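Have a look at the structure below before the remarks.
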Amino acid sequence: MMRPTLRAALVFAMSIPVALLILALKGEFWYASLYFPVIALTLIGADATMVLPGRRLKSELDAPARLYIGQSGDIDLTLSANGYSRPAAIEALLEQRGTAAPSGIVAGTMAKGRLELKLPVTPLRRGQITVEALWLRWRGPLGLVEAHRREATEVTIDVVPDVRGLQDNALQFFASDAVYGIKAQRLRGEGTEFDTLCDFAQGMDNRFIDWKRSARHHKLLCKEFQQERNHHIVFGYDTGHLMLEPINGIPKLDHAIKAGLLLSWVSLRNGDLVGGCGFDTHFRHFIKPGRGIPHFTRVQKFAAALNYQTEETNFTLGLAELNSRLQRRTLVVLFTEFIDTISAELLIESLQLMVKRHVIIFVTLRDPLLTELQDAAPQDFINVAEAVLADDFLRERAIVLERIARLGVHCITAPVNGVSSALLNRYLMIKQRGLL
């Protein structure tokens, strides 16, 4: 479709006062007043004949198969016009469906009949982004006429959890491999699997002294144990509406998934079995614990299938269903969120039942907005009111976390950039102490 531009309208509009001025001053030269509108229309028509014909313009889209949540990607657009050698300024815009940042207009100048553009796409949530159409707009050499076209497309991009760099981040926790290379080492800890006897030294725990063998060898001998493997680790993801709150533009649920995938990789490398579940008003997702690095692919698919829900979480139903599906003592990593002490009552009751059989790590993300409001300078009454409310919320969260910690639950409250490290350190501490 072709139409005149704003510049063409201004050129034609400027010719009308000139024509009226000629009629007012020199009425006998009325025919001269028609020259200027005709000249304006002639320029518009000439520009229309020189504009790039739409039938010659060919487009080709090359989109990535998948994008990672919170990371921008580019769709490569190649425009070609055979037999057209004039420069042409072309603008492109994507018509997309899905939760993504608005696509901006990308412009470029076609030279020698070819133009390559990169159209940015920034997903905000997991799922799919569908590019339904491509809008193109270009103008003639004089800028008086513009043509635009809408091309329907069927480009679909999967938005998956960000797993890039998980192996690099996890490498630092495998000191035996990273420092000593391929040299085989036994991981000794405070487990219950007997490894060897050693001479007792000052500082060792007296409970580990083997009195029978010490009497036989006439010297104190102490037991050493290996860290146990084959533990079951299940990640519980709260997919309710509180986990949809964005931090740094990404929902809390996706930050939790990223931390859970990192710990899953480390656990599978350690020989443990990893599973997971997702719940809100209903118990929606579950994957049985499995072993080995190949199982990490199934864990990724499970994490990608966790849908965003707008309902309130039913902790009683979700944790009771999870507790019934766990057949042995398990390390349960629960990613969730709460508002105040009243809404957390049912959560505390459910955790009190689970902690009798399992080891639980309770993970919440620290909201930087509350800290900023609490520490903001009191410029006016509104700042003071916001600081008081933020302090009340933080105090109630501290009360709930203290009550949960008294049950024997390991509580972690960390910012989004530190939750992965805090979770890994707590996992290693639990393994070393043999709490499983």
Side-chain angles (χ1 to χ4, degrees), residues 1-63 72-98 100-122 129-155:
M1 183 181 295
M2 192 178 300
R3 64 184 180 185
T5 62
L6 180 60
R7 181 183 298 181
L10 292 176
V11 170
F12 184 79
M14 291 175 61
S15 66
I16 295 177
V18 176
L20 294 177
L21 183 61
I22 293 176
L23 289 176
L25 297 179
K26 298 290 183 179
E28 62 274 15
F29 298 105
W30 60 270
Y31 53 87
S33 62
L34 301 178
Y35 292 162
F36 296 97
V38 171
I39 292 173
L41 293 177
T42 303
L43 291 175
I44 295 174
D47 195 33
T49 59
M50 294 184 292
V51 73
L52 172 63
R55 64 180 181 274
R56 292 188 179 182
L57 184 62
K58 306 297 181 182
S59 62
E60 182 180 353
L61 285 176
D62 184 13
S72 299
D74 293 327
I75 296 179
D76 296 329
L77 172 63
T78 303
L79 300 174
S80 60
N82 296 329
Y84 189 84
S85 58
R86 297 190 185 97
I90 301 179
E91 297 177 343
L93 177 66
L94 294 176
E95 181 181 332
Q96 57 191 20
R97 183 179 74 247
S103 177
I105 298 177
V106 180
T109 302
M110 176 179 288
K112 298 180 180 180
R114 187 175 178 84
L115 174 62
E116 295 182 357
L117 297 175
K118 291 186 177 296
L119 308 178
V121 178
T122 304
I129 296 177
T130 302
V131 180
E132 296 183 339
L134 171 66
W135 288 88
L136 296 175
R137 183 174 63 182
W138 63 95
R139 297 183 177 183
L142 302 178
L144 300 177
V145 175
E146 70 177 16
H148 62 89
R149 185 173 68 185
R150 180 183 184 273
E151 298 182 2
T153 60
E154 290 297 334
V155 177

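Atoms considered below: every heavy atom in the structure, side chains included; atoms not considered: hydrogens, waters and symmetry mates. This is a predicted model, so every value here is computed, not measured.
We find the CZ-CD1 distance between Arg97 and Ile129 to be 11.0 Å, quoted to the nearest 0.5 Å. Interatomic distance, Glu60 CD to Leu134 CG, rounded to the nearest 0.5 Å: 12.0 Å. Here OG1 of Thr130 is found 12.0 Å from CG of Leu94. Values are rounded to the nearest 0.5 Å. We find the CG-CD distance between Leu6 and Glu146 to be 9.5 Å, quoted to the nearest 0.5 Å. With rounding to the nearest 0.5 Å, the separation of CG in Asp62 from CG in Leu119 is 11.5 Å. Taken to the nearest 0.5 Å, the CD1 atom of Ile39 stands 12.5 Å off from the CD1 atom of Ile44.
Asn82 and Arg56 get closest at one heavy-atom pair: O-CD, 3.7 Å. What you find for Val155 and Ala63 is that their closest heavy atoms are CG1-CB, 3.3 Å. Minimum heavy-atom separation, Thr153 to Ala133: OG1-N, 3.5 Å. Residue Ile90 comes nearest to Leu57 through the heavy atom pair CD1-CD1, 4.3 Å, listed as atom of the first residue, atom of the second, then distance. The two residues Ala81 and Leu52 make their nearest non-hydrogen contact at CB-CD1, 3.8 Å.
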Applying side-chain contact (heavy atoms from CB on, under 4.5 Å) to Leu136 and Leu77, what does each step give before you reach the verdict? CA-CA 11 Å; Leu136 296 175; Leu77 172 63; 4.3 Å; yes
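Checking Val106, Asp74, Ile75 one by one against Leu117, the side chain to side chain contact (heavy atoms under 4.5 Å, CB included) holds for a single residue, Val106.
Residue pairs that meet the side-chain hydrogen bond (donor to acceptor under 3.5 Å, both in side chains) test with at least one member in residues 106-119, sequence neighbours left out, are Asp76-Lys118, Arg114-Glu116.
Partners of Arg149 according to the salt bridge (Lys or Arg N to Asp or Glu O under 4.0 Å) rule, which considers only residues two or more places apart in sequence or in another chain, are Glu151.
Between the side chain of Arg7 and the backbone N or O of Leu142 there is at least one donor-acceptor pair closer than 3.5 Å.
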